[in-house]
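Chain A is the first sequence line, chain B the second, and so forth, proteins listed ahead of strands; every chain is numbered from 1.
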Amino acid sequence: MAEHALKSPFLREAEARGYIFQCTDLASLDAAMCAGPVTGYIGFDPTADSLHVGNALAIMMLRLMQRHGHRPIALMGGGTAKIGDPSFRDEARALMSPERLAANLVGIESSLRQFLDFESSNSGAMLVNNADWLDRLSYIELLQDVGVHFSISRMLSFESVKQRLEREQGLTFLEFNYSILQSYDFRELNRRHGAVLQMGGSDQWGNIVAGIDLVRRTDARQVFGLTTPLVTTSSGAKMGKSAKGATWVNAAKLPVFEYWQFWRNTEDDDVGRFLRFFTDLPVEECTRLGALQGAEINEAKKILATEATAICHGREAAEAAAETARQAFETGTLTADLPSREIPAALLNEGIPAFRLFAEAGLVASNGEARRLIRGGGARLNDRPISDENRLIGTGDLVEGALKLSSGKKHHLLLRPRT
RNA sequence: GGAGAGAUGCCCGAGUGGCUAAAGGGGGCGGACUGUAAAUCCGCUGGCGUGCGCCUACGUUGGUUCGAAUCCAACUCUCUCCA
């Protein structure tokens with residue numbers, strides 16, 4: 001990206017942190033942001049009932065806007081979720097039921113509220129749902145109003161759909177319309193709330209510029225697009241997505257301790273970059289911490305974990321998670337703050353085979369998996385390896401009123417009997 | 001509407017009548033080594049009781065056969081080309 005000697009504090013910091021991948025007109029946007037508060041938005045698809053760390057960079061963008069006195073809008077795609085964005089996807093998403101969608105919207109909203117302040121009037125941050133306008137669109141009107149401005153050949157030329165076609169996976173007309181609706185969103189937010197900037201991941205470039213074109217053609221206004229880079233780990237994996245599941249930001253789906261652990265386990269080479277991306281620490285400090293070598297970088301990882309967790313779950317919860325981790329890993333002590341779960345006291349009174357207890361606790365998915373874990377030497381009870389998968393565990397094994405079960409070195413769970 | 005190709009376990013991908021719970025790879029989990037990292041190496045990787053089994057599984061439903069992921073029929077869906 002060419003250097004424009006950016007003047008606006010927001011863009012200067014965004015650039016320093018590496019948030020900017022592409023921008024439609026950086027110089028003009030810079031000028032607009034110097035002239036006064038700018039309203040910008042990012043859309044979030046309610047494909048699950050919580051956001052995950054893959055959405056974190058987008059959230060950080062909105063927060064940064066808020067910190068610099070601009071107005072962020074978080075748009076929930078309650079309407080577009082009924083279509084499904086085909087961008088860079090191999091195949092169409094399965095459509096979700098209305099109940100599921102409603103539940104997801106509730107979860108996404110609570111995710112967003114963890115990061116952004118939508119209440120205080122001075123910031124003016126807003127949370128909106130595009131179902132509010134998309135749901136009542138009339139087909140013919142939409143085609144005449146918006147459809148005429150879209151060129152099929154142009155749409156086909158976008159990399160985001162080209163790949164799909166080249167892979168011979170097909171693209172239905174339903175999905176093909178996603179871009180049109182997202183463009184409509186931009187225009188709507190511009191008209192309703194004066195939004196002049198749409199941000200998003202680099203995979204959204206095509207959808208974003210389509211919206212910019214629409215606003216220019218129908219309303220003769222210049223609006224802007226800005227994308228963030230795709231965050232991958234140094235070893236090339238998409239961040240925060242494992243087969244086991246995404247790293248969720250809602251505590252109901254992922255305990256704060258686990259969230260903290262996710263960041264604590266960042267690869268060495270990613271520490272500096274992730275500090276800049278996912279914390280509010282000054283850029284110079286991030287760079288300094290990321291440059292630490294060898295075992296020293298572990299201290300930087302702890303800072304990263306606590307800072308990133310504080311933004312999501314609050315300072316207090318983050319500090320508690322840090323302390324829990326310190327005790328669990330550095331002193332090997334059992335602490336009350338590990339993720340915990342209750343089991344019927346009757347199970348312990350009678351005594352329960354070890355493999356069954358692990359499955360019951362949810363630490364493994366099945367009895368068979370529990371047996372394999374124990375046979376593989378990865379299961380521990382109160383920090384001591386379990387050698388016999390059928391060993392009976394009862395009330396005599398309680399330590400301070402709880403059982404500490406461990407799967408491997410990193411997954412711990414406290415089980416408390418419930419009478 | 002016509003012609004052709006295809007649908008396999010979390011994913012990719014072999015397998016074309018029994019030796020197939022199904023090669024290989026990826027991913028995941030566990031172990032070793034370390035620094036709660038990466039890389040590397042080793043083991044495991046459908047469920048239930050367990051070392052002898054039972055159940056479920058190769059798009060769906062039927063059929064042929066002692067026996068089918070493998071053969072036949074119909075159906076569903078996807079892709080390619082044609083109209």
- Task: Name the nucleic acid region contacted by R356(A), choosing base, sugar-phosphate or nothing; use a 4.0 angstrom heavy-atom cut-off, strictly under.
- Result: sugar-phosphate
- Query: Which part of the nucleic acid, if any, lies within contact of A325(A), taking any heavy atom under 4.0 Å across all strands shown: a base, the sugar-phosphate backbone alone, or nothing?
  - Reply: base
- Message: Whether the side chain of R375(A) and the base of U50(B) hold a donor-acceptor pair under 3.5 Å is what I'd like checked.
- Response: yes
- Task: Rounded off to whole Å, could you give me the CD-to-C1' distance for the E389(A) and G30(B) pair?
- Result: 15 Å
- Round to a whole Å and report the spacing from CZ of R371(A) to P of G43(B). 23 Å
- Query: Hey, does W260(A) reach any base, or is it just sugar-phosphate, or nothing, if we go heavy atoms under 4.0 Å?
  - Reply: base
- Query: Does any N or O donor sit under 3.5 Å from an N or O acceptor when you compare the side chain of D268(A) with the base of G35(B)?
  - Reply: yes
- Query: Would you say the side-chain atoms of Q182(A) and Q198(A) include a donor-acceptor pair closer than 3.5 Å?
  - Reply: yes
- Does G200(A) offer a backbone N or O that forms a donor-acceptor pair with the side chain of T228(A) under 3.5 Å? yes
- Using a cut-off of 4.0 Å on non-hydrogen atoms, how would the nucleic acid contact of Q261(A) be classed: base, sugar-phosphate, or nothing? base
- Task: Let me know the distance between CZ of F274(A) and C1' of A38(B), rounded to the nearest Å.
- Result: 13 Å
- Message: Distance check needed: C29(B) P versus N265(A) CG, whole Å only.
- Response: 11 Å
- In whole angstroms, how far is the P atom of C42(B) from the CZ atom of R372(A)? 20 Å
- Which is true for D270(A) with a 4.0 Å heavy-atom rule: it touches a base, it touches only sugar-phosphate, or it touches nothing? nothing
- Task: Report the relative orientation of the aromatic rings in F329(A) and F257(A); use parallel for angles under 30°, tilted for 30 to 60°, perpendicular for over 60°.
- Result: parallel
